[in-house]
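Structure, as structure tokens:
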There are 2 protein chains.
Amino acid sequence: NGAKSPISCLLSAGDQSLILLSAVNKAGSEWSPACLPCSPDEGRTCSKAPEVASVRVQLEMQSLWRQFDQLGTEMIVTKAGRRMFPTFQVHISGMDPAAEYVLLLDFIPVDDKRYRYAFHSSSWMVAGRGDIAAPGRVHFHPDSPARGAQWVKQTVSFDRLKLTNNLLDDNGHMILNSMHRYQPRLHVILVDRSRDSQRYAHRNFCTFIFPETRFIAVTAYQNHRITQLKIACNPFAKGFRAADSENR
Amino acid sequence: NGAKSPISCLLSAGDQSLILLSAVNKAGSEWSPACLPCSPDEGRTCSKAPEVASVRVQLEMQSLWRQFDQLGTEMIVTKAGRRMFPTFQVHISGMDPAAEYVLLLDFIPVDDKRYRYAFHSSSWMVAGRGDIAAPGRVHFHPDSPARGAQWVKQTVSFDRLKLTNNLLDDNGHMILNSMHRYQPRLHVILVDRSRDSQRYAHRNFCTFIFPETRFIAVTAYQNHRITQLKIACNPFAKGFRAADSENR
DNA sequence: AAGTTCTCACCTAGGTGTAAAGTT
DNA sequence: AACTTTACACCTAGGTGAGAACTT
């Protein structure tokens with residue numbers, strides 16, 4: 001993996017076939033970086049199956065995500081599980097209408113650090129080494145598996161996904177460490193029953209990362225401006241909005 | 001199909017491989033009739049694949065269904081779609097844990113008659129020939145397809161299914177004619193990607209019928225006792241319950 | 001007269017941040 | 001002092017039958 005292409009190709013720990021593209025294309029791009037072929041590695045070409053190589057993914061509510069990201073997004077984790085807000089939602093195109101795909105979301109630690117919020121400076125500080133990561137879980141989109149025609153037809157929403165800090169959770173929620181930073185990842189996987197799945201697995205999926213969806217997991221909001229933005233935008237928090245425009 | 005076994009084996013119109021067992025076993029049986037092999041027909045044996053032949057299905061809330069059935073169950077149909085109450089829920093056993101199954105619910109007319117409710121005698125009367133049936137739809141259980149291990153683990157509920165009288169419905173609801181009688185049917189289908197699906201289709205599924213789930217579709221309740229039983233048992237109708245035991 | 005559609009008050013079910021209490 | 005848990009008021013979202021209005 002000593003590839004020196006303009007777009008660096010990082011391999012995530014524990015899963016050598018997941019390709020994590022760096023943020024070269026991120027600023028101003030409405031579309032996520034395409035799932036580019038990995039550079040030749042040990043004599044085998046690492047190109048993607050055509051049903052996967054042509055897939056494009058667009059993040060919904062991107063401007064909202066960026067508003068949060070500029071403040072430093074926080075996501076509540078609870079024992080029972082808490083939804084994300086904003087919700088991870090995407091619009092997909094370029095799928096083979098007849099092919100079957102599975103959509104997965106997972107969360108990788110951005111670094112191995114633990115954070116704390118410094119109220120005097122209203123900013124996040126490194127507070128030491130990160131805790132050991134919980135066993136990695138993935139969240140299947142509940143519509144999986146489905147045909148490409150289905151996925152591209154409408155917005156794909158991961159609104160049922162919940163975050164928890166309970167290491168013993170058995171509700172299938174995503175287990176995260178509080179006060180740690182995470183990066184959501186979307187995996188688009190081609191269901192290919194005809195080929196030798198062991199041999200071709202690396203060709204049949206593609207990973208998309210939207211840097212503006214990074215967040216710090218918390219058990220209570222730290223940055224008051226994050227709290228206010230959540231209240232302003234999340235319909236379920238309407239009860240906490242100041243009754244300004246009640247005249248209309 | 002001149003089979004003269006104690007359990008008569010009826011074939012439903014338009015789908016010669018769906019086996020509809022008559023009500024010989026119905027009274028007192030907690031379990032639905034098993035999906036028995038059809039009698040030999042035109043020289044080919046009509047036996048079921050083992051993953052399907054061993055499946056057993058038990059109706060949940062059977063005593064509630066029977067309370068309604070004794071009064072003559074009515075189900076509301078609306079333009080927007082209305083849920084069923086009681087809900088069609090089953091407990092399944094005997095599936096191959098590793099095999100994949102699809103679960104379907106559909107509704108067949110019990111007869112070709114139209115009914116009307118005679119208030120003076122508090123009973124349903126035949127009111128002429130039935131209207132032409134809407135194009136047949138099926139309702140896939142939203143968890144389909146899933147492994148046998150998943151299906152048998154907990155109650156399988158069709159609570160999201162909705163009934164409509166709108167012939168132009170495009171929400172995927174089940175279209176029924178008001179004032180007509182229907183019989184729900186559960187189809188358990190083995191997902192078999194290895195065999196010649198055309199040739200073996202009849203071996204790969206099995207149909208279960210619970211006679212106590214029959215009902216008449218209505219746009220407004222006719223029998224007042226049905227209304228009262230719905231109010232007494234459906235949590236969403238709690239607002240209409242007489243506040244008798246408000247002391248507790 | 002018979003059947004259908006529509007609006008509504010009243011529920012269930014569950015997603016919010018708050019503030020107090022608990023934990024380390 | 002820093003962080004987590006819990007109970008709670010206040011929402012969204014949508015499933016009920018009643019009863020009036022509408023249709024044929």
Side-chain angles (χ1 to χ4, degrees), chain A residues 74-87 114-120 124-125 127-128 131 159-167 171 173 176-180 216-243, chain B residues 74-87 114-120 124-125 127-128 131 159-167 171 173 176-180 216-243:
Chain A
E74 301 173 26
M75 294 287 177
I76 298 279
V77 289
T78 67
K79 204 167 149 187
R82 197 77 151 192
R83 286 189 179 178
M84 294 173 68
F85 188 88
T87 302
R114 166 177 253 283
Y115 290 85
R116 80 189 304 169
Y117 190 71
F119 287 91
H120 60 84
W124 287 94
M125 326 273 281
D131 299 338
D159 53 358
R160 300 217 329 238
L161 184 153
K162 290 189 175 181
L163 307 178
T164 184
N165 58 342
N166 180 9
L167 297 171
N171 299 304
H173 299 151
L176 303 180
N177 284 321
S178 185
M179 300 299 177
H180 290 60
I216 296 188
V218 294
T219 57
Y221 290 128
Q222 304 295 307
N223 182 349
H224 193 61
R225 298 178 66 190
I226 287 290
T227 314
Q228 292 311 306
L229 192 51
K230 296 253 185 179
I231 289 172
C233 303
N234 187 335
F236 289 110
K238 196 176 183 180
F240 300 102
R241 291 180 194 165
Chain B
E74 300 173 24
M75 295 285 178
I76 298 279
V77 290
T78 68
K79 204 169 149 187
R82 197 76 151 193
R83 286 189 180 178
M84 293 173 69
F85 187 88
T87 303
R114 168 177 251 283
Y115 290 85
R116 80 189 305 170
Y117 190 71
F119 287 92
H120 60 84
W124 287 94
M125 325 274 282
D131 298 340
D159 53 359
R160 302 220 324 242
L161 182 154
K162 289 190 176 182
L163 308 179
T164 184
N165 58 342
N166 181 8
L167 297 171
N171 299 304
H173 298 152
L176 303 181
N177 283 322
S178 185
M179 300 298 176
H180 290 60
I216 295 188
V218 295
T219 57
Y221 290 127
Q222 304 295 308
N223 182 348
H224 194 59
R225 298 179 67 190
I226 287 290
T227 314
Q228 292 312 306
L229 192 52
K230 298 252 184 178
I231 288 173
C233 302
N234 188 335
F236 289 111
K238 197 177 182 179
F240 299 102
R241 291 179 194 166

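This one's a predicted model, so the numbers in the text were calculated from it and none came from an experiment. In what follows, chains carry the letters A, B, and so on, assigned in the order in which the sequence lines appear, proteins first and then strands, with residues in each chain numbered from 1.
One atom, CG of A:Asp159, and another, C1' of C:dT16, lie 15 Å apart when rounded to the nearest Å. A straight line from CZ of B:Arg83 to P of D:dA13 spans 16 Å, rounded to a whole angstrom. C:dG15 atom C1' lies 13 Å from atom CD1 of A:Ile76, rounded to whole Å. B:Met75 has its CE atom 11 Å from the P atom of D:dT16, to the nearest Å. Atom P of nucleotide D:dG15 and atom CG of B:Leu161 are separated by 12 Å, given to the nearest angstrom. Going from atom CD of A:Gln228 over to atom P of C:dT16 covers 16 Å, rounded to whole Å. Rounded to an integer number of Å, the gap from CG of A:Asp131 to P of D:dC3 is 12 Å. Atom-to-atom, OH of A:Tyr221 to C1' of C:dA19 comes out at 16 Å; the value is rounded to the nearest Å.
Taking 4.5 Å as the limit, some side-chain heavy atom of A:Thr219 sits within range of a side-chain heavy atom of A:Asn165. Looking at B:Trp124 and B:Met179, their side chains come closer than 4.5 Å, going by heavy atoms from C-beta outward. Contact of the B:Val77 side chain with the B:Val218 side chain is not registered, since no non-hydrogen atoms from C-beta on lie closer than 4.5 Å. Counting only heavy atoms from C-beta outward, the side chains of A:Pro86 and A:Met75 approach each other to under 4.5 Å.
For B:Tyr117 and B:Phe119, the ring centers are positioned less than 6.0 Å apart.
Contact of A:Arg160 with C:dG15 (side chain to base): no donor-acceptor pair of N or O atoms is detected under 3.5 Å. Judged by distance alone, with hydrogens and angles left aside, B:Arg241 brings no side-chain donor or acceptor close enough to the base of D:dG17 to form a pair under 3.5 Å.
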Contact state string [nucleotides 19-24 of chain D, B base, S sugar-phosphate only, - no protein heavy atom under 4.0 Å]
------
Annotated protein contacts, base or backbone, on nucleotides 5-12 of chain C with a non-hydrogen cut-off under 4.0 Å, one of B, S, - each
B----SSB
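A salt bridge does not link A:Asp159 to A:Arg83: none of the charged side-chain nitrogens sits closer than 4.0 Å to a carboxylate oxygen.
Between A:Ser178 and D:dT4 there is a side-chain polar atom (N or O) within less than 4.0 angstrom of OP1 or OP2.
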List the steps and the verdict of side-chain contact (heavy atoms from CB on, under 4.5 Å) for B:Leu163 and B:Leu176.
CA-CA 7 Å; B:Leu163 308 179; B:Leu176 303 181; 4.0 Å; yes
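Along DNA chain C, the nucleotide closest to A:Ala237 and the one closest to B:Val218 are compared, and the more 5′ of them pairs with B:Val218.
If you check C:dT16, D:dT16, D:dC3 against the side chain of B:Asn234, the one that comes closest is D:dT16.
To the nearest 0.5 angstrom, B:Lys230 atom NZ is 7.5 Å from B:Phe85 atom CZ.
Tested against A:His173 for a side-chain contact (heavy atoms from CB on, under 4.5 Å), the candidates A:Lys79, A:Lys162, A:Arg82 yield a single pass: A:Lys162.
In this structure, A:Arg116 reaches the sugar-phosphate backbone alone: every heavy-atom distance under 4.0 Å involves primed, P, OP1 or OP2 atoms, never a base.
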